Amino acid sequence: MKKKSTAEISTNDLEKTISSYLEKRLEASDTVSVSGLTQIAVGWSHETWLFDADWRDHNDEPQRLELCLRRDPGNALLRETSDLEEQFKVLKCLEKTDVPSPKAYWLELDSETLGAPALIMEKIPGECPSPWRKDGRKFYADAAKREVLPKSFVDALCSIHNVDWKSCGLDFLGVPSTGKDFALAEIAKWKSLITESDHPGHPILADLMGWLISNAPSTEKLTLVHGAYRTGNVLIESDHVSAVLDWELQVIGDPMYDVAYMLTELNREGTDLLSNIVPRDLFFKRYETNTGIKIDEEKCRYFQLLYAMRSAAFWMSAAGLYAQSKNTDLRLARTEWSITVALERAAQELGY
């Protein structure tokens, strides 16, 4: 019998599949009831489903878990670099730290079991307004005026950079040598994605990569780096960050890589608030006080140009998926245009 693809599996079938899966992993005296199964349209790399699981244990006591299922459809953005097994390991390591993150319960790499490789983790209460939409920008602007969320947002980033990554086992991510190794490794990673996208390339991109290699900065202090820390990648409850999400691009590397992402204009629209939420002065003072790390703005400018290369790599990969009919998500159709936008910004920074 031909195996159904994830797109062909109905919600009802998936409920039954999850129920059967959980019955084997929970101390359930009877059927595990799965309710409220809903796919949420966020992210570009994995399917995300939210649901509740109810059962009775062997003492006939009612039990409930609120859960999140992430599945790899095999044709999504960052498919070459985003690994569910790595995400699962990272979340397990973070359970030992102060970083607000979901608890990871189960990893299933067998496509036959849950319809695709998947992980099941805790569903954290909170909302995730999109910073690219009008209502989302209003949400963050209003929260900034209350002055609570901006501090919590900075504190969550500080908790990431303060992680003792060696003692909690995150060195499995790979540890670059001090010096230029971190920057050069990131350049090589995104160059590889560009090559795999089979995109014809761009002369500005070629210049940008050459400049990045020639001007790679030295990294002396290594921390856990999230890789995409911004509004839209955190859950918010009662004006506090309840969880940091999207553990897909994390590395052990230069903390300024995250700081540069905070400072870039690409992550805010029509406001001076960093990532649409934090006043610049507050960010600098609170970050430096809570981490003991001095913000190096010159290095951040370098990493912002590296982000331009990374963005071009993202969009080349996404555009290729859509052009080759491997993914029909209409959001990917417009990414060919986004390549030019990212590279034009880089060209301006390079003095074209």
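Computed from a prediction, not measured in an experiment: that's the story for all the values here.
- Leu282 and Ile293 fall within the same hydrophobic cluster, where Ile, Leu, Val, Met, Phe, Trp and Tyr residues are linked whenever their side-chain heavy atoms come under 4.5 Å apart, directly or through other members.
- Taking 4.0 Å as the cut-off between side-chain N and carboxylate O, Lys221 and Asp254 do not count as a salt-bridged pair.
- Side-chain atoms of Gln250 and Glu86 include a donor-acceptor pair closer than 3.5 Å.
- Residue Asn12 places its CG atom among more than 12 non-hydrogen atoms of other residues, nucleotides or ligands, all under 6.0 Å distant.
- With contacts defined as side-chain heavy-atom distances shorter than 4.5 Å, the pair Lys189/Val251 qualifies.
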Evaluation steps, side-chain contact (heavy atoms from CB on, under 4.5 Å), between Arg345 and Glu265:
CA-CA 10 Å; Arg345 282 181 173 269; Glu265 293 180 5; 3.9 Å; yes
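- The minimum heavy-atom distance linking Ala228 with Asp258 is given by the pair N-OD1, 4.2 Å.
- With respect to Arg71 and Glu47, a salt bridge is recorded, a charged nitrogen being found less than 4.0 Å from a carboxylate O.
- Looking at Thr264 and Asn267, their side chains never bring a donor and an acceptor atom within 3.5 Å of each other.
- Using a cutoff of 4.0 Å between basic side-chain nitrogens and carboxylate oxygens, Glu297 and Arg280 are scored as salt-bridged.
- Residues Pro217 and Phe303 have side chains in contact (heavy-atom distance under 4.5 Å, counting atoms from C-beta outward).
- For Tyr307 and Trp190, the ring centers are positioned 6.0 Å apart or more.
- The minimum heavy-atom distance between Pro117 and Leu84, with the atom names listed, is O-CD1, 3.3 Å.
- By the criterion of side-chain heavy atoms lying less than 4.5 angstrom apart, applied directly or through intervening Ile, Leu, Val, Met, Phe, Trp or Tyr residues, Leu114 is grouped together with Leu67 in one hydrophobic cluster.
- Nearest heavy atoms, Leu212 versus Tyr302: O-OH, 2.8 Å.
- Under a 3.5 Å cut-off, the side chain of Glu237 and the backbone N or O of Gly126 do not form any donor-acceptor pair.
- Donor-acceptor pairing under 3.5 Å is lacking for the side chains of Thr17 and Glu15.
- One side chain, Arg70 or Gln87, offers a donor N or O that lies under 3.5 Å from an acceptor on the other.
- Both Val34 and Trp49 are members of a single hydrophobic cluster when ILVMFWY side chains are connected at heavy-atom separations under 4.5 Å.
- Grouping the Ile, Leu, Val, Met, Phe, Trp and Tyr side chains by contacts below 4.5 angstrom, directly or via other members, places Val90 apart from Leu235.
- Note that CG of Asp239 and CG of Leu149 are 5.5 Å apart. Values are rounded to the nearest 0.5 Å.
- Between Tyr352 and Gln348, every side-chain heavy-atom pair lies at or beyond the 4.5 Å cut-off.
- In this structure the side chain of Asp98 never reaches within 4.5 angstrom of the side chain of Asn162, judged on heavy atoms.
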Could you go through the side-chain contact (heavy atoms from CB on, under 4.5 Å) check for Lys24 and Val32 one step at a time?
CA-CA 10 Å; Lys24 299 173 183 177; Val32 174; over 6 Å; no
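- Atoms NE2 and CE, on His161 and Met256 in that order, are 7.5 Å from each other to the nearest 0.5 Å.
- The shortest side-chain heavy-atom distance between Leu224 and Leu173 falls under the 4.5 Å cut-off.
- With respect to Arg56 and Asp30, no salt bridge is recorded, no charged nitrogen being found less than 4.0 Å from a carboxylate O.
- To the nearest 0.5 angstrom, Ser159 atom OG is 8.5 Å from Leu94 atom CG.
- Under the 4.0 Å criterion applied to side-chain N and carboxylate O atoms, Lys138 and Asp142 are assigned as salt-bridge partners.
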Just do the side-chain hydrogen bond (donor to acceptor under 3.5 Å, both in side chains) check on Ser152 and Asp155 with the steps written out, would you?
CA-CA 5 Å; Ser152 179; Asp155 291 348; 5.9 Å; no
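- The distance from atom CD1 of Ile160 to atom OG1 of Thr223, rounded to the nearest 0.5 Å, is 9.0 Å.
- Hydrophobic clustering, with ILVMFWY side chains joined whenever heavy atoms are under 4.5 angstrom apart, groups Ile236 together with Phe153.
- Taking all atoms of both residues into account, the shortest heavy-atom contact from Pro129 to Tyr140 is O-OH, 2.6 Å.
- Cation-pi geometry between Arg310 and Tyr261 is met: the NZ or CZ atom falls under 6.0 Å from the ring centre, inside 45° of the normal.
- Looking at heavy atoms from C-beta onward, Pro279 lies in side-chain contact with Leu273 at the 4.5 angstrom threshold.
- No donor-acceptor pair under 3.5 Å is formed between the side chain of Glu220 and the backbone N or O of Thr178.
- Lys123 forms no cation-pi arrangement with Phe51, by the criterion of a distance under 6.0 Å to the ring centre and an angle within 45° of the ring axis.
- The shortest non-hydrogen separation linking Pro150 to Ile277 is CG-O, 3.3 Å.
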side-chain contact (heavy atoms from CB on, under 4.5 Å) between Phe283 and Val259, intermediate numbers included:
CA-CA 10 Å; Phe283 174 69; Val259 173; 3.9 Å; yes
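- Two rings, from Trp106 and Phe88, have their centers 6.0 Å or more apart.
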Go through Asn290 and Val154 one step at a time and tell me if the side-chain contact (heavy atoms from CB on, under 4.5 Å) criterion holds.
CA-CA 9 Å; Asn290 290 355; Val154 178; 5.6 Å; no
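- Salt-bridge annotation for Glu186 and Lys191: absent, with no side-chain N of the basic residue lying under 4.0 Å from a carboxylate O of the acidic one.
- Between His226 and Trp247, the ring centre distance stays below 6.0 Å.
- Cation-pi contact between Arg25 and Tyr21: present, with separation from the ring centre below 6.0 Å and deviation from the ring axis of at most 45°.
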